[in-house]
Amino acid sequence: MAIERYNPRATEPKWQKAWDAKKLFEADNDDPRPKYYVLEMFPYPSGRIHIGHTRNYTMGDVVARYKRAKGFNVLHPMGWDAFGMPAENAAMQNKVHPKDWTYQNIAAMREQLKVMGLSLDWAREFATCDVDYYHRQQMLFLDFVEKGLVTRKSSKVNWDPEDMTVLANEQVIDGRGWRSGALVEQRELTQWFFKITDYAQDLLDSLDQLDDWPEKVKLMQQNWIGRSEGLLIRWPLATPDPGKMVAGEHELEVYTTRPDTIFGASFMAVAADHPLAKKAAEDNPALAKFIDEVHHMGTSVAALETAEKKGFDTGIRVVHPFDDTWTLPVYVANFVLMDYGTGAIFGCPSGDQRDLDFANRYGLPVIPVVMPEGENQGSFQIIDEAYTGDGVMINSRFLDGMKPDQAFDEVAKLLEQKTIGNRPMAERKVNFRLRDWGISRQRYWGCPIPMIHCEDCGVVPVPKADLPVRLPDDIEFDRPGNPLDRHPTWRHVKCPQCGKDARRETDTMDTFVDSSWYFARFTAPWANDPTDPKAATEWLPVDQYIGGIEHAILHLLYSRFFTRAMRETGHVDLAEPFKGLFTQGMVVHETYRVGSASNGRWLAPSEVRLEDVDGKRRAIEIATGEEAVIGPLEKMSKSKKNTVSPEEITDGYGADTARWFMLSDSPPERDVEWTDEGAAGAHRFIQRIWRLVSTAAETLAGTRPAAAKEGDAGVVSKAAHKALKSVGEDIEKLAFNRAIARIYELANALATPLNEVAEGKADPALKAACRQGVEVLVHLIAPVMPHLAEECWHTLGGSDLVAERPWPAYDPSLVVDSEIVLPVQVNGKKRGDLTIARDADQGAVEKAVLALDFVQKALEGKAPRKVIIVPQRIVNVVA
RNA sequence: GCGGACGUGGCGGAAUUGGUAGACGCAAGGGACUUAAAAUCCCUCGAUCUCUGAUCGUGCGGGUUCGAUCCCCGCCGUCCGCACCA
């Protein structure tokens, strides 16, 4: 009887309904089995699921399905990172309310995800814009305030002029807003901050324990936190000419990581915002003008990066800590940052390229103080390249001859003992690059910050009983800026302390706050408190977190901070939220363009026909017949139109094909190229499995599965059990491409024996082994192609669902061969093989090897110099 | 500038991290079946040569080793992160 083609369109919804009916993917917090929490970074509801999401969620789903089959109580939830600018932009452009726009998008995207057949616990779904969710976030905020983890301060902030809001440092990429792409400006504003710097050392130290995180991500976080060990040195101001006196100032505090180079110092430089600079400018119009210039030059981060190094001599002098007769000039310099260290440095031109450029420009002395080992001091000079390496100290008086790190300690020791005012002249100090996390955003579509400003009482928290602070629904988007500020009534409120008229905080929280704790909320989304600490303790940490590398710093560092802050406030009982982290690659596609670079037209993959002419690929625009230029592989983007939507695949081939293709070939951490041939190939394999299983279902009806150790049947059983072992191991390692290769191998190994069965040539042992092999195959494909697996299982006569069946156990005796094939080398080059019993001892192996024809020929009758036998691996005869 | 990763057939990639280089898939070529096509099945597929065999071959040049895709040194190239951080 002819076998009908497998029809995913009819089959897939059927099995999705069957899973739903049995609630197979809903996790029970009281289930006694060991837990496993797998999570993919939740999507922003932009409107459509794109293919990158599909790849991400498929990986998580394979892990979830596999772990479920291995007997774990699996939590695999999904939600929506739903606050943010695009909803407001849509409101301004299309007059849709951000809330309606967001929830409509969520509904559409939920349907798209359901088509993929993901084993998600939809009962726990939430969106961060749900009042229920941001209510709990406000509770957390107030708890953090109580514990002193929140501050309000005025500071220079990154201002995005297009979105008209503040951005955190992490959200500024190449001087531009991460979302709008607009050039970011510096502005002084009063903002709310989370004190992430309180945890800087802990966040750094704990990276070491994150064994299941990519090294790359840990390194990026380490650099971002940017710890440095140095010395705070207080330089006395020189006793002034009466005219050069700066009122009330006696010292200049600088931070340095190179105190060893203190005898190479030739100038001091302070930031334009430094108090000393401001004071000095009061009676120095030229300096005031320079400071003003620096401020104007520094309006954009990008301008800062390319600005020339400029300074202005304040006329102030400091005295060298080790020599009363040595004074150094104090400059205001445009390259010194007020918010790092003390906003002041000492310049050592010979040991720092930037200081050298500055010294050369302003004619300041350059004294080499560190010389490479073995160099001649008489001829060693620094002209226009600073020396920053290790070596020996020179021109440094009592430090001469020391190594720089010895000199560091010596300087620290001596200056710690000297005093200035009534403080030591120097202190060892650790500095971090990491800044506090500014969370104020001047936007409507975010979580309101639950604080009230009262003229008498100052800033007062909203009492918990008054929560949630809801976003008003009646809101206008006719002008840029913060709509909450313009709302006629919302911000008017009584002070909870004195009852007088007061004003609500109209800033909302950075959306990264929303995503910093959603993984904890998933453990008990129904809880009245932000978390149910018992459930959180049980489920957390997330065993396997999967998402894009673009969140290596932002989201992951914030979440690590938040988990610590939640522990501090009693909401969770751990510091590290994500035990295992995996960063997956992108889905890329080549681009097609008609016309020249400047006025060309991008074409979508569906608008071109690909031809193969004399081995050269050509792309032709279907509508016009014009030839298009095939461009390189790039991340799918709307602007270049090289996108493929998940529907284009699922509508034709079904979800299983999309899932299978997405995971085959490319390792999951690398980019995968979407090709039509690849998708077609994946679909061919689905049909092949279907034919194979359908045929087997007929020819093996009534046969009971059994493994065999010997003969043809043994070969089949060994192939099946070896595949079972390695596919399991590969999935544990997230090596999906390798798991898939092993599945192909098993399918290939079963094809010929199944033909023999069909032709009636098989004995009962072979039939039983084939039956078992086919059943194993069905279980192996299930994590990746769950719908096909169910259909196959059903066809084979299974009465239950594969999704609720355990992962089969392999027989250890079937994954090792009793005879092994040892490659035999002569002088390190392979000359042949030796087939011998697996348990043969070294003597027997050596004897057998030396008896081989090609070995004897190579030896020419002489005795070998050496025979190296690596058990189970290889034999090398050295002639 | 600082830090990091990577480089293997026509292509995506494997190789138990010192032990048979190229598993598995895609593409290509040949054949079978068919009136024909699609589908399917079988075979070939790193290069060169004196072709039942041999030599070369994992970006390039050295080194260590019985043996190197893997370890060491020096180059070249690609990609990524950070960047006036004192």
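By convention in this document, chain letters (A, B, ...) are assigned in the order of the sequence lines, proteins followed by strands, and residues within each chain are numbered from 1.
Comparing B:rA83, B:rC24, B:rA14 by their closest approach to the side chain of A:Pro667 singles out B:rA14. When the nucleotides B:rA86, B:rG67, B:rC24 are ranked by their closest atom to the side chain of A:Asn876, B:rG67 comes out on top. Checking B:rA86, B:rC84, B:rA83 against the side-chain heavy atoms of A:Thr256 singles out B:rA86 as nearest. When distances are taken from the side chain of A:Ile345 to each of B:rC84, B:rC41, B:rA86, the shortest belongs to B:rA86. Proximity note for A:Arg5 (side chain, C-beta onward) versus B:rA86, B:rG13, B:rA39: the nearest is B:rA39. Comparing atom distances between the A:Val878 side chain and each of B:rG19, B:rG3, B:rC66 picks out B:rC66 as nearest. Here the nucleotide nearest the side chain of A:Glu677, chosen from B:rA27, B:rA14, B:rG81, is B:rA27. When distances are taken from the side chain of A:Ile553 to each of B:rC82, B:rC66, B:rA23, the shortest belongs to B:rC82. The A:Glu745 side chain lies nearest to B:rA23 when the options are B:rA23, B:rG19, B:rA83. Closest to the side chain of A:Leu337, out of B:rA14, B:rG19, B:rA86, is B:rA86.
Remark: B:rC2 base-pairs with B:rG81; criterion is Watson-Crick or G-U wobble with both hydrogen-bond distances under 3.5 Å. Checking B:rC11 for Watson-Crick or G-U wobble geometry (two distances, each under 3.5 Å) identifies B:rG25 as its partner. Here B:rA54 sits opposite B:rU48 as a Watson-Crick or G-U wobble pair (both hydrogen-bonding atom distances under 3.5 Å). With a cut-off of 3.5 Å on both pairing distances, the Watson-Crick or G-U wobble partner of B:rC71 is B:rG63.
Separating the CD1 atom of A:Ile689 from the C1' atom of B:rU40 is a distance of 15 Å, rounded to the nearest angstrom. Protein atom CD of A:Glu215 is 9 Å distant from nucleotide atom P of B:rA5, rounded to whole Å. Straight-line distance from the CG atom of A:Asn827 to the P atom of B:rG67: 9 Å, rounded to whole Å. As a whole-Å value, the separation of A:Asp665 CG from B:rG22 C1' is 15 Å. Residue A:Gln222 contributes atom CD, which lies 18 Å from atom P of B:rC2 at whole-angstrom precision. Remark: C1' of B:rU20 and CG of A:Asp833 are 7 Å apart, rounded to the nearest angstrom. Regarding A:Lys866, its NZ atom lies at a distance of 9 Å from the P atom of B:rG67, rounded to whole Å. Distance, A:Asp730 CG to B:rU16 C1': 11 Å, rounded to whole Å.
In this structure, the side chains of A:Phe358 and A:Lys310 stay at 4.5 Å or more apart for every pair of heavy atoms.
Considering only side-chain N and O atoms, A:Arg684 lies nowhere under 4.0 angstrom from the phosphate OP1 or OP2 of B:rG25. For the pair A:Arg688 and B:rA39, the criterion of a side-chain N or O lying under 4.0 Å from OP1 or OP2 is not met. Residue A:Lys830 places no side-chain N or O under 4.0 Å from the OP1 or OP2 atom of B:rG19. Distances shorter than 4.0 Å separate none of the side-chain N or O atoms of A:Asn748 from OP1 or OP2 on B:rA23. OP1 or OP2 of B:rA15 has at least one side-chain nitrogen or oxygen of A:Arg738 nearer than 4.0 Å. An OP1 or OP2 oxygen of B:rC2 is reached within less than 4.0 angstrom by no side-chain nitrogen or oxygen of A:Asn223.
For B:rC51, the glycosidic angle deviates from 0 by 90° or less, giving a syn base. Under the 90° criterion around 0 for the glycosidic angle, B:rG9 counts as syn.
Two residues, A:Thr675 and A:Ile549, neighbour RNA chain B, and the one matched to the more 5' nucleotide by heavy-atom proximity is A:Thr675.
Across all strands, A:Ser666 comes closer than 4.0 Å only to sugar-phosphate atoms, never to a base (heavy-atom distances). Counting non-hydrogen atoms under 4.0 angstrom, A:Ile868 reaches a base of the nucleic acid. Within the 4.0 angstrom heavy-atom criterion, only backbone atoms of the sugar-phosphate kind lie near A:Tyr744; the bases stay farther away. Residue A:Val336 is classed as a base contact, given a heavy-atom separation below 4.0 Å to a base. Counting non-hydrogen atoms under 4.0 angstrom, A:Gln825 reaches a base of the nucleic acid. Across all strands shown, A:Asn431 has no heavy atoms under 4.0 Å from either base or sugar-phosphate atoms. No engagement by A:Asp355 is indicated, since no non-hydrogen atom pair under 4.0 Å with the nucleic acid exists.
Nucleotides B:rC26 and B:rC45 are separated by 13 Å at their C1' atoms, to the nearest Å. Separating the P atom of B:rC60 from that of B:rC11 is a span of 15 Å, rounded to the nearest Å. Spacing between B:rG77 and B:rG13 at atom P, rounded to whole Å, works out to 23 Å. B:rG18 and B:rU69 have their C1' atoms separated by 11 Å, with the value rounded to a whole Å. One C1' atom belongs to B:rC6, the other to B:rC43, and the distance between them is 37 Å to the nearest Å. Nucleotides B:rC56 and B:rG61 are separated by 14 Å at their P atoms, to the nearest Å. Taking atom C1' in both B:rA32 and B:rG19, the straight-line distance is 41 Å, to the nearest Å. Nucleotides B:rU78 and B:rA23 are separated by 30 Å at their P atoms, to the nearest Å.
Exactly one residue among A:Ile553, A:Ile549, A:Leu557 makes a side chain to side chain contact (heavy atoms under 4.5 Å, CB included) with A:Val217. That residue is A:Ile549.
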- [ ] For the pair A:Trp235 and A:His320, evaluate ring pair (Phe, Tyr, Trp, His ring centres under 6.0 Å) and give the outcome as yes or no after the intermediate values.
- [x] CA-CA 7 Å; A:Trp235 300 59; A:His320 197 278; 5.5 Å; yes
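Proximity of the aromatic rings of A:His683 and A:Tyr653 is defined here by a centroid distance below 6.0 angstrom, and this criterion is met.
Taking the six-membered ring where the residue is Trp, A:Trp437 and A:Tyr558 present parallel rings, their angle staying beneath 30° rather than reaching 60°. Ring pair A:Trp660/A:Phe685 is parallel by interplanar angle, where below 30° counts as parallel and above 60° as perpendicular.
No more than 12 heavy-atom neighbours from other residues, nucleotides or ligands sit within 6.0 angstrom of CZ on A:Arg865. Environment of CD in A:Glu229: sparse, with no more than 12 heavy atoms of neighbouring residues, nucleotides or ligands closer than 6.0 Å.
The cationic group of A:Arg433 lies under 6.0 Å from the six-membered ring centre of A:Trp224 and within 45° of the ring axis, placing it in a cation-pi geometry.
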